[in-house]
Undergrad: 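Take this structure, written in C-alpha coordinates, and hold onto it; I'll ask about it next.
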Amino acid sequence: METNEPIDHGMDQGLSLSSQNRDDLQNTAKWSGFLAILGFIGIGFLVLLALFIGTFLSSMGAPADTLPMPTAVFTVTYLLVAALYFFPILYLYRFSSQIKQ
(Lines give C-alpha, C1' and ligand atoms only; values in the text may rest on other atoms or scores of the structure.)
Protein backbone atom coordinates (compact mmCIF):
# COMPACT_ATOMS: atom_id res chain seq x y z
CA MET A 1 0.00 0.00 0.00
CA GLU A 2 0.95 3.63 -0.22
CA THR A 3 2.78 5.47 2.48
CA ASN A 4 2.45 9.18 3.06
CA GLU A 5 6.14 9.85 3.55
CA PRO A 6 7.83 12.69 1.67
CA ILE A 7 10.02 11.79 -1.25
CA ASP A 8 13.17 13.15 0.38
CA HIS A 9 12.62 11.18 3.60
CA GLY A 10 15.96 10.01 4.94
CA MET A 11 18.03 12.27 2.70
CA ASP A 12 19.21 14.80 5.26
CA GLN A 13 22.90 14.52 4.39
CA GLY A 14 22.65 16.64 1.19
CA LEU A 15 24.07 16.11 -2.24
CA SER A 16 27.46 14.47 -2.56
CA LEU A 17 29.43 14.24 -5.79
CA SER A 18 32.43 12.17 -6.60
CA SER A 19 35.46 13.74 -8.24
CA GLN A 20 34.47 12.14 -11.56
CA ASN A 21 31.02 13.74 -11.30
CA ARG A 22 32.57 17.14 -10.59
CA ASP A 23 34.92 16.81 -13.55
CA ASP A 24 32.01 15.87 -15.80
CA LEU A 25 29.95 18.83 -14.60
CA GLN A 26 32.89 21.22 -15.13
CA ASN A 27 33.34 19.86 -18.64
CA THR A 28 29.60 20.27 -19.27
CA ALA A 29 29.73 23.84 -17.98
CA LYS A 30 32.58 24.72 -20.34
CA TRP A 31 30.83 23.29 -23.39
CA SER A 32 27.44 24.73 -22.52
CA GLY A 33 29.02 28.16 -22.04
CA PHE A 34 30.75 27.87 -25.40
CA LEU A 35 27.53 26.81 -27.14
CA ALA A 36 25.58 29.59 -25.42
CA ILE A 37 28.06 32.20 -26.68
CA LEU A 38 27.78 30.77 -30.19
CA GLY A 39 24.00 30.93 -29.81
CA PHE A 40 24.12 34.61 -28.85
CA ILE A 41 26.32 35.30 -31.88
CA GLY A 42 23.81 33.42 -34.05
CA ILE A 43 20.98 35.52 -32.62
CA GLY A 44 22.95 38.65 -33.47
CA PHE A 45 23.34 37.47 -37.06
CA LEU A 46 19.61 36.71 -37.26
CA VAL A 47 18.74 40.21 -36.04
CA LEU A 48 21.19 41.79 -38.51
CA LEU A 49 19.73 39.69 -41.31
CA ALA A 50 16.22 40.70 -40.26
CA LEU A 51 17.14 44.37 -40.38
CA PHE A 52 18.79 44.16 -43.81
CA ILE A 53 16.64 41.52 -45.55
CA GLY A 54 14.97 44.10 -47.78
CA THR A 55 18.35 45.38 -48.97
CA PHE A 56 19.60 41.85 -49.56
CA LEU A 57 16.56 40.86 -51.59
CA SER A 58 16.67 43.98 -53.74
CA SER A 59 20.40 43.61 -54.35
CA MET A 60 19.87 40.06 -55.59
CA GLY A 61 17.69 41.45 -58.38
CA ALA A 62 14.33 40.34 -57.04
CA PRO A 63 11.75 43.03 -57.79
CA ALA A 64 9.21 43.64 -55.07
CA ASP A 65 6.29 42.51 -57.25
CA THR A 66 7.79 39.04 -57.88
CA LEU A 67 8.20 38.21 -54.18
CA PRO A 68 5.38 36.15 -52.67
CA MET A 69 5.09 38.53 -49.71
CA PRO A 70 6.41 41.94 -48.67
CA THR A 71 9.92 42.13 -47.25
CA ALA A 72 8.48 43.37 -43.94
CA VAL A 73 7.03 39.88 -43.43
CA PHE A 74 10.51 38.42 -43.81
CA THR A 75 11.84 40.94 -41.29
CA VAL A 76 9.16 40.16 -38.72
CA THR A 77 9.62 36.41 -39.22
CA TYR A 78 13.37 36.59 -38.64
CA LEU A 79 12.88 38.77 -35.57
CA LEU A 80 10.36 36.28 -34.14
CA VAL A 81 12.74 33.39 -34.75
CA ALA A 82 15.53 35.32 -33.02
CA ALA A 83 13.24 36.09 -30.07
CA LEU A 84 12.20 32.44 -29.73
CA TYR A 85 15.82 31.31 -30.02
CA PHE A 86 16.93 33.77 -27.33
CA PHE A 87 15.26 32.10 -24.36
CA PRO A 88 16.75 28.58 -24.67
CA ILE A 89 20.17 30.13 -25.22
CA LEU A 90 19.72 32.35 -22.17
CA TYR A 91 18.78 29.34 -20.03
CA LEU A 92 21.77 27.43 -21.37
CA TYR A 93 24.05 30.32 -20.44
CA ARG A 94 22.53 30.55 -16.95
CA PHE A 95 22.99 26.79 -16.52
CA SER A 96 26.63 27.12 -17.47
CA SER A 97 27.31 29.99 -15.09
CA GLN A 98 25.46 28.27 -12.22
CA ILE A 99 27.43 25.05 -12.68
CA LYS A 100 30.72 26.96 -12.75
CA GLN A 101 29.89 28.46 -9.35
Side-chain angles (χ1 to χ4, degrees):
M1 294 301 304
E2 287 185 33
T3 61
N4 291 330
E5 294 179 11
I7 293 174
D8 60 351
H9 179 73
M11 296 186 171
D12 296 333
Q13 66 269 12
L15 181 66
S16 62
L17 297 173
S18 68
S19 63
Q20 178 65 35
N21 294 131
R22 288 185 184 152
D23 292 341
D24 290 341
L25 282 174
Q26 287 175 350
N27 196 16
T28 302
K30 289 177 189 176
W31 277 105
S32 62
F34 174 71
L35 291 174
I37 290 170
L38 285 180
F40 285 130
I41 292 171
I43 290 170
F45 282 134
L46 276 174
V47 169
L48 285 176
L49 183 62
L51 295 176
F52 296 112
I53 192 77
T55 307
F56 290 147
L57 289 176
S58 65
S59 69
M60 294 181 68
D65 57 347
T66 62
L67 292 174
M69 60 188 102
T71 57
V73 175
F74 289 111
T75 300
V76 170
T77 302
Y78 275 95
L79 287 176
L80 285 175
V81 169
L84 288 174
Y85 188 44
F86 175 75
F87 292 105
I89 297 300
L90 178 65
Y91 292 134
L92 182 65
Y93 181 76
R94 286 181 183 171
F95 168 77
S96 172
S97 61
Q98 296 270 330
I99 292 294
K100 286 178 184 177
Q101 289 178 358

Undergrad: Flag yes if more than 12 heavy atoms outside F40 fall under 6.0 Å of its CZ atom; otherwise flag no.
TA: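 Count over threshold, so yes.
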Undergrad: Of all the heavy-atom pairs spanning A36 and I89, show the shortest one and how long it is.
TA: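 Of all heavy-atom pairs spanning A36 and I89, the closest is O-CG2, 3.4 Å.
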Undergrad: Who else is in V76's hydrophobic cluster (ILVMFWY, side-chain heavy atoms under 4.5 Å, direct or via others)?
TA: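 When side chains under 4.5 Å apart are linked, the cluster holding V76 also contains L80.
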Undergrad: About how many Å separate CG of L46 and CD1 of I53, when rounded to the nearest 0.5 Å?
TA: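 Answer for the CD1-CG pair, I53 versus L46, is 10.5 Å.
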Undergrad: Fit a plane to each ring of Y91 and F87, take the angle between them on a 0 to 90° scale, and name the class: parallel (under 30°), tilted (30 to 60°) or perpendicular (over 60°).
TA: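 Ring orientation of Y91 relative to F87: tilted.
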Undergrad: Could you tell me the separation between the CD atom of Q20 and the CG atom of L25, rounded to the nearest 0.5 Å?
TA: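 Answer for the CD-CG pair, Q20 versus L25, is 10.0 Å.
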Undergrad: Identify the two heavy atoms, one from Y78 and one from A50, that lie closest to each other, and give their separation to 0.1 Å.
TA: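 Shortest heavy-atom contact: CB-CB, 3.5 Å.
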Undergrad: Once you round to the nearest 0.5 Å, how far does CG of L49 lie from CZ of F45?
TA: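 Nearest 0.5 Å value for the CG-CZ distance: 10.5 Å.
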Undergrad: According to a hydrophobic-cluster definition based on side-chain heavy atoms being under 4.5 Å apart (Ile, Leu, Val, Met, Phe, Trp, Tyr only), do F74 and L51 belong together?
TA: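 Same hydrophobic cluster.
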Undergrad: Is F34 reachable from L90 through a run of hydrophobic residues whose side-chain heavy atoms are each under 4.5 Å from the next?
TA: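 As far as the 4.5 Å side-chain criterion goes, F34 and L90 are not connected within one cluster.
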Undergrad: Please name the pair of heavy atoms, one in V47 and one in A82, separated by the smallest distance, quoted to 0.1 Å.
TA: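 Shortest heavy-atom contact: CG2-CB, 4.0 Å.
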Undergrad: Between the main-chain N or O of L92 and the side-chain N or O of S96, is there a donor-acceptor pair closer than 3.5 Å?
TA: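 Pair absent, no side-chain N/O of S96 close to backbone of L92.
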Undergrad: Does NZ belonging to K100 count more than 12 external heavy atoms closer than 6.0 Å?
TA: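 For K100, atom NZ is crowded (more than 12 foreign heavy atoms under 6.0 Å).
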Undergrad: Rounded to the nearest 0.5 Å, what's the gap from OG1 on T28 to CG on L35? Could you check?
TA: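 Answer for the OG1-CG pair, T28 versus L35, is 11.0 Å.
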